[in-house]
Amino acid sequence: MKACGIIVEYNPFHNGHLYHLEQARAVTGCDVLVAVMSGNFVQRGEPAILDKWKRAAMAVTQGCDLIIELPYPWVTQSASHFAEGAVTLLKLAQVSSLVFGSESNNLQELKEIASMPINPDHLKESLAAGLAFPKAYGLWAKEMLPNDILGVAYLKQLQDSPITPYTIQRTVGYHETALQGPVASAKAIRLAAEQECFSDEQTPMASALKTGPRVSLAQFYPYLRMMLTTMPVHVLQTYFLFSEGIEVHLAHCAEISPDWDSFIAAAVNRRYTRSRIQRTCMQLLCQIHWDEIRSLPPLDTLRPLAFNETGRQYLKQLRQQEVRIASRFAAVPEPYRRLEYRSTQLYASMMAEPDRIALLKKEIGGPIIL
């Protein structure tokens, strides 16, 4: 079976994602569509508005054949690490192509940038510094947008790989907040949900968003503030992503900020982006230490969250080729299993007790078969 890979978060799934799926099948002619998806937390360092099981099931009903989970330690990191984890899983899944959304939709220029000795995490800084990169490329003439930055990170990971990349034009801005017409950004849909506004016009998950439970980063702030203001600096430094003095900065911001909005406004500056702040705070909330991340083994196992009959047949094909598939939670390598369950405990902690218990049971159960 010819497999096409995509890398997604579906926070939440919306009509733009449906277009991505349709175009991925059209441009590749694939037999099976494999998505690597973030779990209960997303790359910007936030809890997903709906849990991973709801999002994975919706993706399969909308056209994906198989959803593979990107483990928590790879999700809540910068673009380069996120891409490394996701592309590693797609290689394990033996896909022949990768289709990703792009603001520029200029694959050739993205490939040229990816071939340069630049860290994708610092593309904006490189542009601002006016470093001596070829000015003939139009993308260097303006600030690169989020999907193009991720695209460069994917392409770097695909170098010397047989996987063929394709781009799909992104028609709605990543940070667009207007909820108009059938296609809206995930951010716009989340903001509308915060205001108790739900519409089937933009997302097939409107009903799920209405019934919830929905989770947001602001809910965790009292606990985050307590930890930042009571833990000694040398203890904070043991947590993943706490480095270069950020612990002192965050502790000070927590001391003077009564709520999440005022905290993030105080914390973001020219040195620390909102995503960097959020990803760092997430490690403290989830109690992830540097030594745990440094001792993680290489990614060598696929954990399916949901699949249909086509996806099941493809998993069978992969097993025959001795690819490790964790259909049971106990089959996930222990270091990853430990961190994944801990992150689910954090995510579920804001829920009513019946919802919390149900989500923890799902975590140790098997995938959703549709």
* Look at the side chain of Arg55 and the backbone N and O of Pro12, then say whether any donor-acceptor pair between them is shorter than 3.5 Å. => no

Partner set under side chain to side chain contact (heavy atoms under 4.5 Å, CB included) for [X], not counting sequence neighbours:
X: Arg274; answer: Arg44, Trp260, Ile264, Val268, Gln278
X: Glu244; answer: Arg271
X: Thr301; answer: Arg324, Ala326, Pro333
X: Ala83; answer: Ala153, Tyr154, Gln157

* **Pairs where residues 245-257 contributes a residue and the test salt bridge (charged side-chain N to carboxylate O under 4.0 Å, His left out) is met, not counting sequence neighbours** => none

Excluding sequence neighbours, so at least two apart, what forms ring pair (Phe, Tyr, Trp, His ring centres under 6.0 Å) with [X]?
X: His17; answer: Tyr10, Phe13, His14
X: Tyr166; answer: none
X: His252; answer: none

* Asked: Would you call Arg303-Glu363 a salt bridge at under 4.0 Å N-O?
  ->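 Counted as a salt bridge, because a side-chain N and a carboxylate O are separated by less than 4.0 Å.
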
* Asked: How would you list, by chain and number, every residue that makes a side chain to side chain donor-acceptor pair (under 3.5 Å) with Ser115, sequence neighbours excluded?
  ->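 Per chain and number, Ser115 pairs via side chain to side chain donor-acceptor pair (under 3.5 Å) with no residue.
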
* Residues two or more places apart in sequence or in another chain: which of them pass side chain to side chain donor-acceptor pair (under 3.5 Å) with Tyr314? -> none

* **Any Cys30 side-chain heavy atom under 4.5 Å of Ser97 side chain** => no

* **Results of salt bridge (charged side-chain N to carboxylate O under 4.0 Å, His left out) for Arg342 - residues two or more places apart only** => Glu292

* Restricting to pairs with a member in residues 209-235, which pass side chain to side chain donor-acceptor pair (under 3.5 Å), not counting sequence neighbours? -> Glu196-Arg214

